[in-house]
Amino acid sequence: MGHFHHVGMSMGMSSGDDNSTMAPSHHHPTSSASHSHSHMMMMMPMTFYFGFKNVELLFSGLVINTAGEMAGAFVAVFLLAMFYEGLKIAREGLLRKSQVSIRYNSMPVPGPNGTILMETHKTVGQQMLSFPHLLQTVLHIIQVVISYFLMLIFMTYNGYLCIAVAAGAGMGYFLFSWKKAVVVDITEHCH
Amino acid sequence: MHFIFSDEVVLLFDFWSVHSPAGVALSVLVILLLAVLYEGIKVGKARLLHQALTSLSISTSQQLIEETDQHSTSSDSPHVSRTRLRWFLCHFGQSLLHVAQVVIGYFMMLAVMSYNTWIFFGVVLGSGVGYYLAYPLLSMT
């Protein structure tokens with residue numbers, strides 16, 4: 001059964017009523033604050049729980065009420081976390097492949113015995129308006145959004161969904177980084 | 001919601017609720033150690049990968065030397081399967097470390113979300129101390 005703790009004091013309900021229905025071990029710092037009229041009634045749990053009744057997920061229309069819906073949400077969150085790990089690895093690979101513009105510049109430096117040596121600096125980079133960099137930017141935005149979604153999912157404090165995030169991240173890392181590591185092993189010696 | 005200095009905090013689990021300065025101090029210490037562990041895991045993953053790659057390249061070069069010496073391909077299949085198994089186990093261990101890193105990272109985020117300023121200081125200080133202790137180990141080998 002999910003436990004929802006009322007955070008702060010609600011209007012029209014006495015604090016005695018609140019304490020009698022909630023778990024007695026819960027104390028929130030703001031309940032001792034004097035400005036009670038400025039607090040809204042929030043239904044956000046602040047400790048981990050396992051349940052599938054009335055679980056709001058990210059969007060206002062998305063509420064989980066049955067075990068079947070929770071199973072579907074578990075699979076969806078698992079796949080989202082896997083996709084996030086894959087996106088990270090794909091961006092790394094794309095960056096490495098697109099760094100084809102190499103700039104050499106040589107400069108004279110004084111060497112031993114008064115001779116002049118030519119030191120060559122090599123810089124790799126991308127042009128700002130090139131297609132690879134624009135693609136990287138778009139993928140970066142997608143990555144940031146998905147990472148915030150995963151954070152918000154973890155913030156529901158629902159045990160099933162948190163396990164889905166962690167397991168999806170692990171499986172995604174295992175599958176995608178395996179391939180990347182094998183490629184790195186063959187093509188690069190000084191990684 | 002805003003950051004406050006408070007003597008009471010509930011962190012992560014139902015049983016972890018403290019109401020006294022001593023309890024908050026202990027909670028801050030636990031969170032600090034968790035943050036140090038997080039930084040340590042990050043460095044540990046990188047070192048494990050480095051160790052695996054160096055040992056893998058050593059074993060494959062040994063295999064090549066043996067092949068050119070013996071002029072036979074019948075002896076390389078146990079070498080290949082052993083290397084593959086070692087690589088698989090190493091990568092599986094790294095994935096477990098990755099899961100631990102993800103979970104601890106989220107726990108630290110939720111601890112900061114308690115909006116208790118002492119806990120926040122613990123997270124920040126722990127990250128700093130962890131980085132200071134762990135990152136020199138990255139370039140040690």
Side-chain angles (χ1 to χ4, degrees), chain A residues 3 5 7-8 22-33 35 38-40 42 44-49 81 84-85 88 147-148 150-157 159 161-163 165-182 184-186 188-191, chain B residues 1-20 23-24 45-46 48-50 52-57 59-61 83-84 87-88 90-119:
Chain A
H3 299 281
H5 303 270
V7 170
M22 295 301 131
S25 64
H26 175 73
H27 291 266
H28 196 271
T30 56
S31 61
S32 55
H35 43 278
S38 61
H39 285 283
M40 292 185 298
M42 287 189 273
M44 220 170 70
M46 294 301 268
T47 53
F48 284 113
Y49 70 95
Y84 175 71
E85 293 292 327
K88 276 201 294 190
S147 76
Y148 275 121
L150 289 174
M151 176 196 68
L152 290 170
I153 289 172
F154 212 94
M155 245 170 68
T156 63
Y157 269 108
L161 296 179
C162 295
I163 289 174
V165 170
M171 180 65 85
Y173 178 86
F174 183 72
L175 292 178
F176 294 111
S177 187
W178 161 277
K179 192 169 182 262
K180 164 201 159 197
V182 168
V184 161
D185 176 37
I186 290 175
E188 283 179 318
H189 293 282
C190 34
H191 179 55
Chain B
M1 291 183 74
H2 50 272
F3 279 108
I4 54 167
F5 286 96
S6 170
D7 284 342
E8 302 181 334
V9 72
V10 178
L11 280 180
L12 297 175
F13 300 102
D14 276 329
F15 56 80
W16 193 348
S17 80
V18 291
H19 315 290
S20 62
V24 172
K45 226 172 47 161
L48 214 64
L49 183 67
H50 182 71
L53 286 178
T54 46
S55 72
L56 199 68
S57 55
S59 61
T60 43
S61 57
T83 309
R84 285 244 165 124
W87 169 248
F88 177 82
C90 186
H91 190 66
F92 189 71
Q94 266 176 47
S95 300
L96 290 180
L97 265 186
H98 183 75
V99 172
Q101 185 187 326
V102 164
V103 169
I104 293 182
Y106 277 121
F107 278 6
M108 277 167 42
M109 184 257 315
L110 291 172
V112 172
M113 229 177 75
S114 68
Y115 267 105
N116 189 307
T117 322
W118 301 117
I119 302 286

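Throughout, a chain's letter reflects where its sequence line sits, starting with A, and its residues are numbered from 1.
The parts of B:Phe92 that come within reach of chain A are both its backbone and its side chain, each placing non-hydrogen atoms under 4.5 angstrom from that chain. At a 4.5 Å heavy-atom cutoff, the contact between A:Met151 and chain B is made by backbone and side-chain atoms alike. With a 4.5 angstrom heavy-atom cutoff, B:Gln101 does not touch chain A via any of its atoms.
Of the residues considered (B:Leu11, B:Leu12, B:Val99, B:Asp7), B:Leu12 shows the highest number of contacts with chain A, using heavy-atom pairs under 4.5 Å.
Checked by atom type, the side-chain pair B:Ser6/B:Asn116 shows no donor-acceptor distance below 3.5 Å.
Aromatic ring pairs are classed by plane angle as parallel below 30°, tilted from 30° to 60° and perpendicular above 60°; the pair A:Phe154 and B:Tyr106 is parallel.
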Next on the checklist: Set out, in order, the CA-CA distance, both residues' side-chain angles and the distance that settles ring pair (Phe, Tyr, Trp, His ring centres under 6.0 Å) for A:Tyr84 and A:Phe176, then state yes or no.
Outcome noted: CA-CA 10 Å; A:Tyr84 175 71; A:Phe176 294 111; over 10 Å; no

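For the pair B:Lys45 and A:Tyr173, the cation-pi test (distance below 6.0 Å, angle within 45°) is passed.
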